[in-house]
Amino acid sequence: MAKVRLEDIKRRFNNVTAIEDITFEIPDGEFWVLVGPSGCGKSTILRTIAGLETATSGKLFIGDELMNNVPARQRDVAMVFQNYALYPHMTVAQNIAFGLQMRKVDQRIVQERVVNVARSLSLEHLLDRKPKQLSGGQQQRVALGRAIAREPQVFLLDEPLSNLDAQLRDDTRAELKQLHQKLGITTVYVTHDQVEAMTLADKIVVLNRGRIQQIGDPQSIYASPANQMVATFLGSPPMNILPAIYKNDGFDVSGQLLAIPASLREKLHLRQGQSFDLGIRPEHIIINTDSALSTQPSALSTQHSALLVVEVKVVEPLGRETLIRAGLPGSTELLNIQVGGDVRLHPGDRISLQLDL
Ligand code: ADP
């Protein structure tokens, strides 16, 4: 096990800069997730750590050792890809053992490790099968097993669950987390899926266009995103972004003036007439069931909330909660509202909302 440190790493391909200013240190044993939209540079960072790419500039350390010029096979890292890349003619046992045999590990130790790894991944009963006799999830577990068997200092996982169907992806995600808790191997995990990032990570690195946007633990990034990209990327359904104007000590949203608490006004330092984007998470919107809001504003808590009238466009019951998409007058944008339980609303209903600002 080892810490991994990147210092001002940059990688250019001809005249395209894939990543730059990449600096972070993963403490020994932590699970970090690199997340961001396709093309943001996640794989390039992972491949640079693996030694499959060479940094144009910057330094990479594994443990205390500078790795820039160390070949991939001497880095003591194991990488798992989304397409498993198992050897089709070998059995599960042979696939798991292969990397160890290449390293000329004693045959008795190889056998022992294969059995232990198979046990920790529930693969014992499949050791004699060939990859094509396995399900996608089982193949992915073998690919993980092959990496674990080597007992690497660092685990590198590139979208390892993206070829699995939804249920299996959830199960395997939980297994991965358990496995990490058990083995404690420093892990770098790449995904474009924000749910995987939120659920798996000790720390998330959010990337966009080759640059780090924010580093932090999932809850603090969710609660205090550094910018609009991070705010809208993490969270499902995504955060609502409403164009607004600061006016008369309130927010003008689509011509409706929202009263805001004085404490918030003081924090924001906005000028009268200033335009800005108001971000509000779907779960921070409460539907005022006492629907004729305009006649009874005093019934609502105006201390911490602003009020907005919208028209219901779509109602999506999701079982435990309901997702409502509603339109602001004069806007084609839809507002996502997430409420617990069932709601008796229909397209065309006008409702008033409390925004928990
Ligand atoms: P991600 O993994 O986030 O989808 P990548 O790291 O694969 O992103 O790619 C980041 C950027 O670098 C993209 O613009 C991609 O087109 C470019 N890139 C990656 N590898 C190469 C390469 N071998 N040659 C040229 N451009 C590349």
Side-chain angles (χ1 to χ4, degrees), residues 31-40 42-47 49-50 52 77-96 98-99 114 116-150 152 154-183 185-202 204-207 218 233-238 318-320:
F31 195 124
W32 280 39
V33 177
L34 310 181
V35 70
S38 178
C40 71
K42 308 178 290 291
S43 295
T44 304
I45 297 176
L46 202 73
R47 292 168 59 80
I49 300 172
L52 304 173
V77 302
M79 189 149 167
V80 177
F81 301 92
Q82 59 176 280
N83 58 2
Y84 329 134
L86 299 176
Y87 300 108
H89 58 287
M90 293 185 189
T91 62
V92 167
Q94 288 164 339
N95 263 284
I96 295 174
F98 185 72
V114 168
N116 285 341
V117 165
R119 192 176 303 137
S120 64
L121 288 165
S122 310
L123 290 168
E124 300 116 302
H125 58 300
L126 302 173
L127 283 170
D128 295 327
R129 292 212 196 159
K130 298 270 175 66
K132 67 170 187 300
Q133 299 167 301
L134 303 176
S135 71
Q138 290 166 338
Q139 289 186 38
Q140 187 56 297
R141 290 217 298 279
V142 177
L144 284 170
R146 194 172 51 180
I148 294 167
R150 286 180 37 201
V154 181
F155 237 158
L156 304 173
L157 305 172
D158 194 352
E159 305 255 6
L161 309 183
S162 58
N163 283 347
L164 306 180
D165 65 42
Q167 180 63 49
L168 203 54
R169 202 162 53 224
D170 287 357
D171 293 347
T172 316
R173 195 177 70 206
E175 278 172 19
L176 257 180
K177 192 157 182 162
Q178 276 185 327
L179 200 63
H180 178 256
Q181 282 159 1
K182 202 154 61 181
L183 303 176
I185 298 176
T186 313
T187 302
V188 194
Y189 185 104
V190 158
T191 181
H192 64 276
D193 180 340
Q194 52 93 22
V195 176
E196 276 177 27
M198 293 289 287
T199 49
L200 283 169
D202 290 320
I204 294 178
V205 180
V206 185
L207 293 148
F233 191 78
L234 294 183
S236 173
L318 300 172
R320 236 160 41 114

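The basis for the numbers below is simple: all heavy atoms, side chains too, and nothing from hydrogens, waters or symmetry mates.
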Could you grab the distance from atom CZ of R47 to atom CG of L52, nearest 0.5 Å is fine?
5.0 Å
Answer yes or no: is there a side-chain heavy-atom contact under 4.5 Å between L126 and V142?
no
Is L168 close to Q140 at the side-chain level, that is, under 4.5 Å between some pair of heavy atoms?
no
A side-chain contact here means heavy atoms from C-beta on lying under 4.5 Å apart; do F81 and L46 qualify?
no
For the atom pair CD (Q178) and CG (L183), what is the distance rounded to the nearest 0.5 Å?
11.0 Å
Might you point out which heavy atoms bring L127 and A118 nearest each other, and give the distance in Å?
CD2-CB, 3.9 Å
Check V80, L157, T187 against L176 for a side chain to side chain contact (heavy atoms under 4.5 Å, CB included) and give me the one that passes.
L157
Calculate, to the nearest 0.5 Å, the distance between atoms CD and CG belonging to Q138 and L164 respectively.
11.0 Å
Are the side chain of K42 and the backbone of G36 linked by a donor-acceptor contact shorter than 3.5 Å?
yes
From T191 OG1 over to R173 CZ, what is the distance, rounded to the nearest 0.5 angstrom?
10.0 Å
Shortest non-hydrogen contact from F233 toward V35:
CE2-CG2, 3.5 Å
Closest heavy-atom pair and its distance - A147, P152:
O-CD, 3.4 Å
Check: K130 main-chain N/O paired with Q133 side-chain donor or acceptor under 3.5 Å:
yes
One should read off an interatomic distance between Y87 OH and Q94 CD, to the nearest 0.5 angstrom, of 12.0 Å
Rounding to 0.5 Å, atoms CD (Q139) and CG (L123) come to a distance of 11.5 Å
Pairwise side-chain hydrogen bond (donor to acceptor under 3.5 Å, both in side chains) hits with a residue in residues 155-169, at least two apart
S43-D158, Q82-S162, E159-H192, Q167-D171
For the residue pair I96 and G145, what are the closest heavy atoms and their distance?
CG2-O, 3.9 Å
Set out, in order, the CA-CA distance, both residues' side-chain angles and the distance that settles side chain to side chain contact (heavy atoms under 4.5 Å, CB included) for R146 and L86, then state yes or no.
CA-CA 9 Å; R146 194 172 51 180; L86 299 176; 4.1 Å; yes
I148 versus L179: any side-chain heavy-atom pair under 4.5 Å?
yes
Is there a side-chain contact between Q194 and I204, using heavy atoms and a 4.5 Å cut-off?
no
Measure the shortest side-chain to side-chain distance between V188 and L34 over non-hydrogen atoms and say whether it is less than 4.5 angstrom.
yes
Identify the two heavy atoms, one from G99 and one from R150, that lie closest to each other, and give their separation to 0.1 Å.
CA-CD, 4.4 Å
Is there side-chain contact between L144 and E175, with at least one heavy-atom pair below 4.5 Å?
no
How would you list, by chain and number, every residue that makes a ring pair (Phe, Tyr, Trp, His ring centres under 6.0 Å) with H180, sequence neighbours excluded?
F31
